[in-house]
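In what follows, chains carry the letters A, B, and so on, assigned in the order in which the sequence lines appear, proteins first and then strands, with residues in each chain numbered from 1.
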Protein chains: 2
Amino acid sequence: MQTEEEILKIKKVKNTAVRTVVLRHLLSHEKAQSLKDIENALAYTDRSSIFRTLKTFEENKVIHSIEDGSGMTKYAVCAEGCNCDPIDLHYHFYCTNCDKTFCLFDIPIPNIQLPKNFKLQQANMVVKGLCDNCNR
Amino acid sequence: MQTEEEILKIKKVKNTAVRTVVLRHLLSHEKAQSLKDIENALAYTDRSSIFRTLKTFEENKVIHSIEDGSGMTKYAVCAEGCNCDPIDLHYHFYCTNCDKTFCLFDIPIPNIQLPKNFKLQQANMVVKGLCDNCNR
DNA sequence: CTTTTAGTGCAACTCGATTGCAAAGATTAT
DNA sequence: ATAATCTTTGCAATCGAGTTGCACTAAAAG
Ligand SMILES: [Mn+2]
Ligand SMILES: [Mn+2]
Ligand SMILES: [Zn+2]
Ligand SMILES: [Zn+2]
């Protein structure tokens, strides 16, 4: 497990107070976090600063975003070595009951044979249903 | 190819002027359409009426929605026999250049082996890249 | 025909996302 | 060390897709 400083160094993103605390928040949560989630947790950091931090992180592949259909984009830290290329693709699970989303790193994504002349760049794969905690 | 009237009859949705024209619009476009797309095309129909029509259609499985990350939910008519169950799952392709989205009915979706005790209900699978038209 | 239920149009509103701008902080040049 | 320059941050305002209340109209039921 890498520290915030290590990750930012590897991804060549300058370390600042806001970036450290935002990345720390993401690292310490198993579930993907929305801007609102982070804003609520970091009472003294401005929303727009968090927003711009997330943009910077995403541009530099520190994190990736997930559109889970909940209305709020969620963010998760990229796995070590992730470059946000098609090879790094993975499913996400969204629980329709508890509204939480997380990466399914362990389930393989098959090769997707696109029609002729199409070029795969990325994907947003969200599987929805009940998580183990809500499925009782 | 079924007519608007046939589809609505099968799905037990009452036929109205707005519903007919919205469904016709969707049927006549290969690409998934946003509320804005439909609003622009149907100059004399109110946005909220289109909006409620889309909700009704989705509830009754006349159409399904796609979150392609463009910021606008898009809608496509369900295939004949579709019940919006996991069995009806399919990928969608979003072109990052022309901002168009459509169903990839011909590409099989593999069985997704979720972790123990998880229950699959639905999915939003969006593959992104360049369409054949934009990939030159 | 009268009553009831469903659909539509308009305007207002919600809320997540985004931006302009000035102050604060960090970096580079003199 | 100081000044000039660039970057980050906070605040307030704005945007825009989505959603809702309400009155009016149309359709269905009695
Ligand atoms: Mn992920
Ligand atoms: Mn589809
Ligand atoms: Zn859950
Ligand atoms: Zn295209």
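- Closest approach of B:Gln33 and B:Asp37 over heavy atoms only: OE1-CB, 3.4 Å.
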Between the protein and nucleotides 25-29 of chain D, list the N/O to N/O atom pairs that are separated by less than 3.5 angstrom.
none

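- Annotation: side-chain hydrogen bond (donor to acceptor under 3.5 Å, both in side chains) contacts of A:Asn97 (sequence neighbours excluded): none.
- Within residues 31-60 of chain B, the residues approaching DNA chain D are B:Leu35, B:Lys36, B:Arg47, B:Ser48, B:Phe51, B:Arg52, B:Lys55, by heavy-atom distance under 4.0 Å.
- Side-chain contact check for B:Tyr94 and B:Asp99: at least one donor-acceptor pair (N or O, by modelled atom type) lies under 3.5 Å.
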Show me, pair by pair, the donor-acceptor contacts under 3.5 angstrom made by side chains of residues 108-123 of chain B, not counting sequence neighbours?
residue  : atom : partner : partner atom : Å
B:Gln121 : OE1  : A:Thr96 : OG1          : 2.7

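- Formation of a donor-acceptor pair under 3.5 Å by the A:Ser49 side chain with backbone atoms of A:Thr45 is not found in this model.
- Rounded to whole Å, the distance from CG on B:Leu8 to C1' on C:dG7 is 14 Å.
- The nearest whole Å value for the distance from the CG atom in B:Asn15 to the P atom in C:dA6 is 17 Å.
- By the salt bridge (charged side-chain N to carboxylate O under 4.0 Å, His left out) test, A:Arg52 pairs with no residue at all, sequence neighbours left out.
- When rounded to the nearest whole Å, the span between CG of A:Asp68 and P of C:dG16 equals 13 Å.
- Residue A:Thr16 places no side-chain N or O under 4.0 Å from the OP1 or OP2 atom of D:dT7.
- One can place CZ of A:Arg19 at 12 Å from C1' of C:dG25, the figure rounded to the nearest angstrom.
- Of the N and O atoms on the side chains of A:Thr20 and A:Glu4, not one donor lies less than 3.5 Å from an acceptor on the other residue.
- When the nearest nucleotides of DNA chain C are assigned to B:Val18 and A:Lys74 by heavy-atom distance, the more 5′-ward of the two goes with B:Val18.
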Identify every side-chain donor-acceptor pair in residues 84-91 of chain A under 3.5 Å, counting partners at least two apart or on other chains, and give the distances.
residue : atom : partner : partner atom : Å
A:Asp88 : OD2  : A:Asn83 : N            : 2.8
A:Asp88 : OD2  : A:Cys84 : N            : 3.1
A:Asp88 : OD2  : A:Asp85 : N            : 3.1
A:His90 : ND1  : A:Asp88 : O            : 3.0
A:His90 : NE2  : A:His64 : NE2          : 3.3
A:His90 : NE2  : A:His92 : NE2          : 3.0

